[in-house]
Trainee: 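Pasting in a structure now, in structure tokens, and then I'll have a few things to ask.
Note: hydrogens, waters and symmetry copies are ignored here, and every other heavy atom, side chains too, is used.
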Amino acid sequence: MNRRGAVRARWHGAIRARWHAVGVPVLVAVLLVGGCGTPRSGVLGAAPTAPPPSAPPAGRPTSAPTPPPGSPSSPAATRTAPRPPAPTATATRRSDPVTIELWYVRNGLLVPTRRTRPATVTTSRLALTELAAGPTPAEAATGMVTLLPAGVEVTRITDGVATLGPVASGDDAAQRRRLREAQVVWTLTQFPTVRLVRFGSGAALGRADYPDLLAPIVVTAPSVGDRVSAPLTVTGTADVFEATVSIRVLDAAGREVATGFGTASCGSGCRGAYRLVVGWRTAREQHGTIEVYEVSARDGARVNTVAVPVILAPSGS
């Protein structure tokens, strides 16, 4: 090799040495810098974007997002939200009416009638109030009166004895006073809690103390002014010959439209209960009269008759 060739060889060797010392690191840096860019296109295609959210594996439940505290659907709000108040029952049950028996006076004897009023726990007070109020116009037309003044009340009921305050009698005769007491006794002893009645500090009295103040025939149902329909059941007590009680029905013109008879549970010197059923036919509603009587054993006449004015309902009603 000549001198020129040796110099050229040394020059190329130095160049290669410098290249290895500087060029390779520079090349690596250039490649690294280029790889950090975000080219949108190139030979490898479009740059990738953020992947869509992946669906959960099949069969695994998904959890709903937790709502913010205080929202209507948050667990805390569900636990603490006040519930509407439960509706309260405002309807009140109406009490059934009560029917009471009142004993008035007619021709010096006791006569029963009835009243239907709203139920009350103090039936004895109700009965005495109605008794003192007196008969209705229809009842008064038959001669009924009351001898009991207003304001008389039961002060206590003990062991079946009802005690009343003193009843002012004024200048009443003894018979009038007995009738007034009998009115009260027969009216109050209809209740199961009362067997006897005491007036003030006197002796306790019962129905057996006034046997002479009942008519031979007493009609307890129907009452004056009732609307009745056939067949009609008539009840009461009687002390009549052979215990036989007769009945007839009169229409508005006084015509006899039905008759019948039956027997009391006792008779001829003792008082017994009777129950009679009678029917009739009328084409229209009209005033009528139920007559209960005894047939005289001497001449067959109607005696001891009790007439009860009523309203006759038409047949089939």
Side-chain angles (χ1 to χ4, degrees), residues 99-114 131 135 139 142-145 160 175 178-192 194-197 205-226 228-250 254-280 288-310 312:
T99 298
I100 56 177
E101 195 172 76
L102 306 176
W103 289 80
Y104 290 126
V105 176
R106 181 171 60 202
N107 297 328
L109 298 173
L110 296 177
V111 182
T113 189
R114 294 176 299 172
L131 192 63
E139 292 166 345
T142 68
M144 292 186 190
V145 297
Q175 182 65 8
R178 280 190 77 233
L179 278 170
R180 181 172 58 245
E181 292 175 351
Q183 278 190 262
V184 175
V185 169
W186 276 80
T187 297
L188 291 184
T189 54
Q190 70 184 290
F191 305 119
V194 180
R195 294 180 295 102
L196 302 171
V197 178
L205 303 171
R207 292 189 175 190
D209 292 293
Y210 307 97
D212 57 315
L213 297 184
L214 292 180
I217 296 176
V218 173
V219 178
T220 56
S223 295
V224 173
D226 283 355
V228 298
S229 58
L232 171 66
T233 299
V234 180
T235 59
T237 63
D239 179 1
V240 293
F241 179 70
E242 293 184 346
T244 302
V245 182
S246 299
I247 185 173
R248 68 175 185 159
V249 180
L250 308 178
R255 295 186 296 261
E256 187 178 277
V257 296
T259 61
F261 70 93
T263 56
S265 58
C266 188
S268 297
C270 62
R271 182 169 295 274
Y274 66 85
R275 179 185 179 91
L276 308 176
V277 179
V278 63
W280 63 88
T289 305
I290 307 296
E291 285 189 355
V292 184
Y293 57 94
E294 175 186 5
V295 176
S296 171
R298 184 179 58 186
D299 56 8
R302 289 189 296 272
V303 296
N304 298 320
T305 301
V306 178
V308 183
V310 294
L312 301 177

Trainee: Any chance CZ of Phe261 has more than 12 other-residue heavy atoms, nucleotides or ligands included, within less than 6.0 Å?
Mentor: no
Trainee: Between Leu214 and Trp103, is a side-chain contact (heavy atoms from CB on, under 4.5 Å) present by the stated rule, with each step listed?
Mentor: CA-CA 11 Å; Leu214 292 180; Trp103 289 80; 3.7 Å; yes
Trainee: Is it the case that over 12 heavy atoms from other parts of the model lie below 6.0 angstrom from the CG atom of Asp299?
Mentor: yes
Trainee: Contact between Glu181 and Asp209 at the side-chain level, heavy atoms closer than 4.5 Å - yes or no?
Mentor: no
Trainee: Do Tyr293 and Arg248 have side-chain heavy atoms sitting under 4.5 Å apart?
Mentor: yes
Trainee: Supply the atom-to-atom distance Arg207 CZ to Leu196 CG, rounded to the nearest 0.5 angstrom.
Mentor: 11.5 Å
Trainee: Considering residues at least two apart in sequence or located in another chain, which fulfil the ring pair (Phe, Tyr, Trp, His ring centres under 6.0 Å) criterion with Trp280?
Mentor: none
Trainee: I need the minimum non-hydrogen distance between Ala264 and Ala238, along with the two atoms involved.
Mentor: CB-O, 4.4 Å
Trainee: Tell me every residue that passes salt bridge (Lys or Arg N to Asp or Glu O under 4.0 Å) with Arg255, counting only those two or more places apart in sequence or in another chain.
Mentor: Asp251
Trainee: Can you tell me which residue among Thr113, Val234, Thr233 is in a side chain to side chain contact (heavy atoms under 4.5 Å, CB included) with Pro222?
Mentor: Val234
Trainee: Arg271: which residues meet the salt bridge (Lys or Arg N to Asp or Glu O under 4.0 Å) condition with it, sequence neighbours left out?
Mentor: none
Trainee: Give me the one residue out of Val111, Leu188, Leu102, Val105 that meets side chain to side chain contact (heavy atoms under 4.5 Å, CB included) with Gln183.
Mentor: Val105
Trainee: Start with the C-alpha distance between Leu213 and Trp186, add both sets of side-chain angles, then the distance that settles side-chain contact (heavy atoms from CB on, under 4.5 Å), and finish with yes or no.
Mentor: CA-CA 11 Å; Leu213 297 184; Trp186 276 80; over 6 Å; no
